[in-house]
Trainee: 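Here it is: the structure, laid out below.
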Amino acid sequence: MAVVLPGHLKSTFKQVRSLIVKEKNFPEARRILAGVPDGELYAPYHVAMAAIARSESDAAVAMAHLEKALSLTPEDIRLLSRIGKLRLQEGNKVLAQEYASRALLQKPTKKSDVTALASFLQQLGDADNAAKILREAVLQNPNDTKLRRMLAIAQLQLGQLDECERNLNNCLRLDPKNHYSQILLGEILIAQGNKVRGLAVLRSADNDECPSKLKERLSIDAAECYIDLGEYSAAKDELTRVQSSNSPRFNYCWGKIQYQDKDYEFALSSLMSASKSTGPDGDSTDAPIVDPSSLTKEDQQSRCEQLIHDLAGKLEKLKTTGYGSSQSGVNQSTIFYDNDDEI
């Protein structure tokens, strides 16, 4: 049973959260926590200690603190979601599913609970339940762009492209300069076969205010589209705008361009690099890298064709399942959600 947090300690835990999330000053956060009377009686104390342990790469201690916090607040949806995410990262999907089921039983209505659980469910691959709780939340908060965007992502994962497009258009009516919604809408339009319009939407997001990480994604999206249109020179121009990237999609696009240029040795190197980073579920693989220069040109070409075929489906799946994590709202180094307000 959780002990009610005294009012005079709320400011202390807010200070600790700021030290951890904003300043990354973990030693000072630990020092302040050490001075909290009977700190172990309070769930926020254990959440903060878990964040500090994670910063020290001590996953076992971090998990112990989170489990203790959960024992004090067993109905905390955000806590169930973050522990579930960490279990999923460990590769324990069965246990992660148990946390998801426990969280769903609480029937979340608060926005911070809905977004935390929906993000976890999307990473778990349960887009159906994610869409369900997000749809209910949007009905209650029709002008909330974050909820609408998350619902659009769940609809995308479910293959509901028309509904996804409609929600993203609504997001842009509410916030016309939202780069993430613009890029996601462009991707949806391209996926629907409306490549010209999709490219135009992507271009509308390409301005000085667009965050650098999204610019990289935008350029790779545009390059993929240009390749599909057979405009390899334009695709190459897009990829050269990316300052530095070793993402599977980036290397895959370069591989297809180099293959088109009949530079099979270079193409094979790029495609093998993409394949190395893309296992059956989008994870890194330990497949051996063959030296392309040791192969005949015919063998290089044949291997390129096989990799292009094999990677196409894997990368599309990786791209779709990755939407949820890209909007997860959790900093894995601190285990705090951006909208946490308890500390």
Trainee: Check this for me: does any side-chain nitrogen of one of Glu67 and Arg87 sit under 4.0 Å from a carboxylate oxygen of the other?
Mentor: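 Counted as a salt bridge, because a side-chain N and a carboxylate O are separated by less than 4.0 Å.
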
Trainee: With a sphere of 6.0 Å drawn around CD of Glu90, does it hold more than 12 non-hydrogen atoms of other residues, nucleotides or ligands?
Mentor: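 Yes, enclosed.
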
Trainee: Would Arg217 and Glu187 pass as an ion pair if we require N to O under 4.0 Å?
Mentor: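 Salt bridge: yes.
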
Trainee: For Arg173 and Asn170, which I'm curious about, is there any donor-acceptor pair between the side chains at under 3.5 Å?
Mentor: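 On atom types as modelled, these side chains qualify, holding a pair under 3.5 Å.
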
Trainee: List for me each residue that meets ring pair (Phe, Tyr, Trp, His ring centres under 6.0 Å) alongside Tyr232, sequence neighbours excluded, and say none if there are none.
Mentor: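 Residues passing ring pair (Phe, Tyr, Trp, His ring centres under 6.0 Å) with Tyr232: none at all.
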
Trainee: Between Glu165 and Arg197, is there a salt bridge with N-O shorter than 4.0 Å?
Mentor: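 The answer is yes: the pair qualifies as a salt bridge.
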
Trainee: Scan residues 136-175 for pairs that pass ring-ring contact (aromatic ring centres under 6.0 Å, His included), counting only residues two or more places apart or in two chains.
Mentor: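 Every candidate ring-ring contact (aromatic ring centres under 6.0 Å, His included) pair involving residues 136-175 fails, so no pair, neighbours aside, qualifies.
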
Trainee: Side chains of Thr109 and Val114, heavy atoms from C-beta outward: is any pair under 4.5 Å?
Mentor: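 No. Closest side-chain heavy atoms not under 4.5 Å.
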
Trainee: Whether Glu231 and Lys195 form a salt bridge (side-chain N of Lys/Arg under 4.0 Å from carboxylate O of Asp/Glu) is what I want to check.
Mentor: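 A salt bridge is absent here (no side-chain N lies under 4.0 Å from a carboxylate O).
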
Trainee: Can you see whether Glu305 engages Tyr259 through a side-chain donor-acceptor pair at a distance of less than 3.5 angstrom?
Mentor: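 Indeed, the side chains of Glu305 and Tyr259 share at least one donor-acceptor pair under 3.5 Å.
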
Trainee: Would you say His65's side chain and Ala48's backbone share a donor-acceptor pair under 3.5 angstrom?
Mentor: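 It does not hold such a pair.
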
Trainee: Step by step, work out the salt bridge (charged side-chain N to carboxylate O under 4.0 Å, His left out) result for Arg303 and Asp299.
Mentor: CA-CA 6 Å; Arg303 290 187 181 223; Asp299 199 8; 3.5 Å; yes

Trainee: Can you name the ring pair (Phe, Tyr, Trp, His ring centres under 6.0 Å) partners of Tyr99, sequence neighbours left out?
Mentor: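 Expected list: none.
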
Trainee: Looking at Ser269, Ser273, Ser245, Ser270, which hits side chain to side chain donor-acceptor pair (under 3.5 Å) with Asn251?
Mentor: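 Going through the options one by one, the only one that passes is Ser273.
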
Trainee: Walk me through it: do Lys177 and Glu209 pass the test salt bridge (charged side-chain N to carboxylate O under 4.0 Å, His left out)?
Mentor: CA-CA 9 Å; Lys177 295 184 178 181; Glu209 297 176 0; 5.1 Å; no

Trainee: Strictly distance-based, threshold 3.5 Å: is any side-chain N or O of Ser81 a donor or acceptor partner for the main-chain N or O of Ile77?
Mentor: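 Side chain of Ser81 to backbone of Ile77: a pair is present.
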
Trainee: Between atom CG of Leu184 and atom CG of Leu214, what is the distance when rounded to the nearest 0.5 Å?
Mentor: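 Leu184 CG to Leu214 CG: 10.5 Å, rounded to 0.5 Å.
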
Trainee: Does a sphere of radius 6.0 Å around CD in Glu28 hold more than 12 heavy atoms from other residues, nucleotides or ligands, not counting ones at 6.0 Å or beyond?
Mentor: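 Buried by this count: over 12 neighbours within 6.0 Å.
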
Trainee: Ignoring hydrogens, what is the shortest heavy-atom contact between Thr145 and Leu174? Give both atom names and the distance.
Mentor: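 Reported closest heavy-atom pair: CG2-CB, 3.5 Å.
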
